[in-house]
Amino acid sequence: MKNKEIAEIFNRIADILELREANRFRISAYRRAAQNLENYPLDVAEASAAGSLHEIPGIGKDLGAKIEEYLESGEIEYLNELLDETPDVLLDMLRVQGIGPKTALLLYNELDIENLADLKKAALEHRVQGLPKIKAKTEENILKGIEFLERSAGRIPIGTAFPLAEEIIDSLSKLPYVDKISAAGSLRRFKETVGDIDILVTSKKPVDVIRHFTALPAVTRILADGKTKGSVITSTDIQVDLRVVAKEAYGAALNYFTGSKEHNIRLREIAQQKKMKLSEYGLFKKIRGGKERRVAGKSEEEVYEKLGLPYIAPELREDAGEIEAARDGSLPSLVTINDIKGDLHFHSDWSDGTASLEEVAEAGRKAGYKYLIISDHTKSLTIANGLSEERLVKQMKEIDRINARMKGFKLLKGSEVDILPDGSLDLDKRVLKKLDLIIIAVHSRFKMKKNDMTRRVVKALQHPFPKILAHPTGRLIGAREAYEIDMDAVINAAADSGSAIEINAHPLRLDLDAATARKAAAAHVPISIGTDTHTPATEMKYMLYGIATARRGWLEPKHVINTHSAAKLLSRLSGKKGTK
DNA sequence: GCCGTTTTCGGCCCGACTGTTTTCAGTCG
């Protein structure tokens with residue numbers, strides 16, 4: 001899908017237009033279009049072919065033409081022209097926190113710099129201070145900004161940010177003068193990576209809360225400590241912002257700081273149409289004498305209600321159709337963690353897991369699950385101690401013994417069968433037939449050509465067993481690109497063969513991603529959520545991220561097979577041979 | 001550059017904090 005690539009180009013154009021001090025509404029038009037493209041659930045190439053580009057919000061005549069230009073030629077001439085006239089270092093400087101377009105231009109014009117290293121050197125030699133409106137403090141901040149960028153190099157995976165946020169919230173909520181507290185921002189929306197952590201509290205002693213916050217042991221640097229906002233960098237180089245808000249504005253503030261920005265803009269527009277004003281302080285109605293009266297703000301529910309909308313879950317707030325769905329009453333009833341009856345991707349110490357079958361069963365029962373699948377690797381994956389046919393048969397007998405002792409809980413017999421480069425499966429069919437269910441996955445030869453990889457996976461989906469395709473793109477967030485594969489063809493093959501596709505809940509995988517999961521579910525492909533746990537104590541809780549991804553993909557319980565009983569989920573995976 | 005049961009032209013979301021200032025610009029979210 002080219003959606004993301006084009007979104008990046010539009011953002012880049014917006015950056016350059018900012019440096020040129022272009023019309024700010026033109027700049028935000030590019031940014032809005034980029035955001036909408038990134039969240040658009042369908043392939044922009046398909047939309048273009050169907051002549052429906054203009055249905056993507058924020059895409060008009062001009063940007064539509066630029067998208068088509070990119071789809072045809074792989075380039076956008078306008079960006080090339082802009083880039084030719086823009087020194088790289090100006091764009092690099094925009095990524096430094098505290099440097100915006102004005103400062104970047106000033107530094108570029110006044111200092112002889114070609115890259116961030118030059119700027120760092122200039123700051124170290126104190127050649128930055130002394131420029132108009134720049135003194136020692138600003139120079140120091142620029143230096144710290146560059147160093148932070150060097151260290152953090154991008155965004156933080158949700159699996160890193162979420163536990164840290166939980167820890168901070170836990171510490172703050174123990175303070176007697178902290179009333180309400182919640183994470184906000186992209187973390188609350190469960191984006192797969194976040195730029196920072198936002199936390200919101202209400203308190204009668206804001207200064208004390210912020211003092212406690214900036215003194216937390218994990219804090220290594222304080223960026224701000226005002227009366228309503230504290231901002232710090234932790235020892236893991238993650239920025240955390242804390243905001244203290246008034247009780248009567250908590251809902252409005254939570255809504256505002258949860259975003260997304262695009263969702264908020266839509267809400268403000270709705271407020272305006274109703275002759276009201278929405279800000280982080282509340283929803284206000286204008287009354288006589290130019291004054292205004294607060295009509296909502298205490299809770300998010302209240303804000304949505306007064307705007308004439310049902311409550312919209314944070315995971316949906318991307319302006320990806322949720323406002324329209326809310327208006328016409330078609331919001332999905334999203335799947336929740338309480339709907340989940342079992343985990344559908346799990347390893348034991350028979351391959352590369354750390355827990356014995358008994359321990360896995362006990363962990364599953366304790367988690368309140370009805371079932372849990374044992375899906376150890378197969379023989380090709382020697383590095384993971386993959387199981388041969390003989391060992392798998394032995395393992396099945398062992399599982400039978402354990403199941404005989406369990407009440408109200410069952411281990412399902414499965415295997416994470418390697419999809420070999422030619423699309424065949426890494427175990428004899430006579431043994432596969434004895435399993436309840438198989439999980440199929442690619443673990444080797446990631447760099448195949450797109451057509452070959454697609455053919456490989458599609459062929460594997462056509463084998464006549466009940467099955468789940470695991471981590472279908474192989475991506476590792478921040479570490480490994482997805483392999484080249486035609487996911488539309490894969491989704492079709494899964495639908496034809498009655499197979500499920502997994503949302504792998506490991507926070508560095510989240511594969512399927514939310515947009516593709518939404519697409520697969522729309523094509524009537526059952527979705528499975530599996531944690532890929534190798535160590536129960538630390539990884540079973542990844543289910544949380546899988547559920548969040550499903551919710552971001554608009555999935556309801558009916559779309560997710562592990563909301564079913566074991567019997568129903570097995571009957572739903574037909575195991576018929578694919579037709580294509 | 002987009003968009004329209006208020007508009008095809010004239011709008012386009014709103015406010016806090018910082019660092020430099022003496023009333024505010026720049027940045028950020």
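Within every chain, numbering begins at 1; the chains are lettered A, B, ... in the order of the sequence lines, protein sequences first and strands thereafter. These values consider heavy atoms only, across backbone and side chains, with no hydrogens, waters or symmetry-generated copies. Computed from a predicted structure; not experimentally measured.
For the C1' atoms, the distance from B/dG10 to B/dG19 is 36 Å, rounded to whole Å. Nucleotides B/dT23 and B/dC17 are separated by 16 Å at their C1' atoms, to the nearest Å. Separation of the C1' atoms belonging to B/dG29 and B/dC13 is 12 Å when rounded to the nearest angstrom. Separating the C1' atom of B/dC2 from that of B/dT8 is a span of 12 Å, rounded to the nearest Å. The P atoms of B/dT20 and B/dC14 are separated by 30 Å, rounded to the nearest whole Å. Comparing B/dG26 with B/dT21, their C1' atoms sit 13 Å apart, to the nearest whole Å. A gap of 12 Å separates the C1' atoms of B/dG11 and B/dT6, to the nearest Å.
Under the 4.0 Å criterion applied to side-chain N and carboxylate O atoms, A/E269 and A/K274 are not assigned as salt-bridge partners. The pair A/R266-A/E324 meets the salt-bridge criterion, with a side-chain N (NZ, NE, NH1 or NH2) lying under 4.0 Å from an Asp/Glu carboxylate O. Using a cutoff of 4.0 Å between basic side-chain nitrogens and carboxylate oxygens, A/R552 and A/D513 are not scored as salt-bridged. With salt bridges taken as basic N to acidic carboxylate O contacts below 4.0 Å, none links A/R12 and A/D15. Ion pairing between a basic and an acidic side chain is recognised when a charged N comes within 4.0 Å of a carboxylate O; A/R243 and A/E280 show no such pairing.
Using a 4.0 Å heavy-atom criterion, one finds that A/V245 contacts no nucleic acid atom at all. As judged by a 4.0 angstrom heavy-atom cut-off over every strand, A/N264 is placed among residues making no nucleic acid contact. At the heavy-atom level, A/I99 lies under 4.0 Å from the strands shown only through sugar-phosphate atoms. As judged by a 4.0 angstrom heavy-atom cut-off over every strand, A/S231 is placed among residues making no nucleic acid contact. Across all strands, A/I134 comes closer than 4.0 Å only to sugar-phosphate atoms, never to a base (heavy-atom distances).
Between A/L254 and A/A184, the closest heavy-atom pair is CD1-CB, 4.2 Å. Annotation for A/S231 and A/F213: closest pair N-CE2, 4.1 Å, computed over non-hydrogen atoms.
The side chain of A/K133 sits closest to B/dA25 out of B/dA25, B/dT18, B/dC2. When distances run from any side-chain atom of A/Q97 to the nucleotides B/dT18, B/dC28, B/dT6, the shortest one goes to B/dC28. The nucleotide whose nearest atom lies closest to any side-chain atom of A/R243 is, among B/dG29, B/dT21, B/dG1, B/dG29. Across B/dG19, B/dT18, B/dT6, the shortest atom-to-atom separation from the side chain of A/T138 is found for B/dG19. With B/dG29, B/dC2, B/dT20 as the choices, the nucleotide that has an atom nearest any side-chain atom of A/D198 turns out to be B/dG29. For A/N141, counting side-chain heavy atoms from C-beta on, the closest listed nucleotide (B/dC17, B/dT18, B/dG1) is B/dT18. When the nucleotides B/dA16, B/dG19, B/dT21 are ranked by their closest atom to the side chain of A/Y281, B/dA16 comes out on top.
The CD atom of A/Q239 sits 10 Å away from the C1' atom of B/dG29 (whole-angstrom rounding). Between A/I142 atom CD1 and B/dT18 atom C1' the separation is 13 Å, expressed in whole Å. B/dG1 atom P lies 19 Å from atom NE2 of A/H54, rounded to whole Å. Spacing between atom CD of A/E18 and atom C1' of B/dG26 amounts to 12 Å, rounded to whole angstrom units. Distance A/I270 CD1 to B/dG4 P: 14 Å, rounded to the nearest Å. When rounded to the nearest whole Å, the span between CG of A/L53 and P of B/dC2 equals 12 Å. One atom, NZ of A/K144, and another, C1' of B/dT18, lie 14 Å apart when rounded to the nearest Å. We find that CD of A/E140 is positioned 13 Å from C1' of B/dT18, with the value rounded to whole Å.
Projected onto DNA chain B by closest heavy-atom contact, A/A104 and A/G60 fall at different nucleotides, the more 5' of which corresponds to A/G60. Each of A/S279 and A/D196 was assigned the nucleotide of DNA chain B with the nearest heavy atom; the assignment lying further toward the 5' end belongs to A/S279.
Base-pair partner of B/dT18: B/dA25 (Watson-Crick or G-U wobble, both distances under 3.5 Å).
Nucleotide B/dT7 carries a syn base; the chi torsion (O4'-C1'-N9-C4 or O4'-C1'-N1-C2) is within 90° of 0.
Aromatic rings of A/F162 and A/F190 (six-membered ring for Trp) have centroids within the 6.0 Å cut-off, being under it.
A cation-pi contact, defined as under 6.0 Å to the ring centre and within 45° of the axis, links A/K277 to A/F284.
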Between protein and nucleotides 7-13 of chain B, map the contacts as a letter string: B base, S sugar-phosphate only, - none, heavy atoms under 4.0 Å, written 5' to 3'.
-----BB
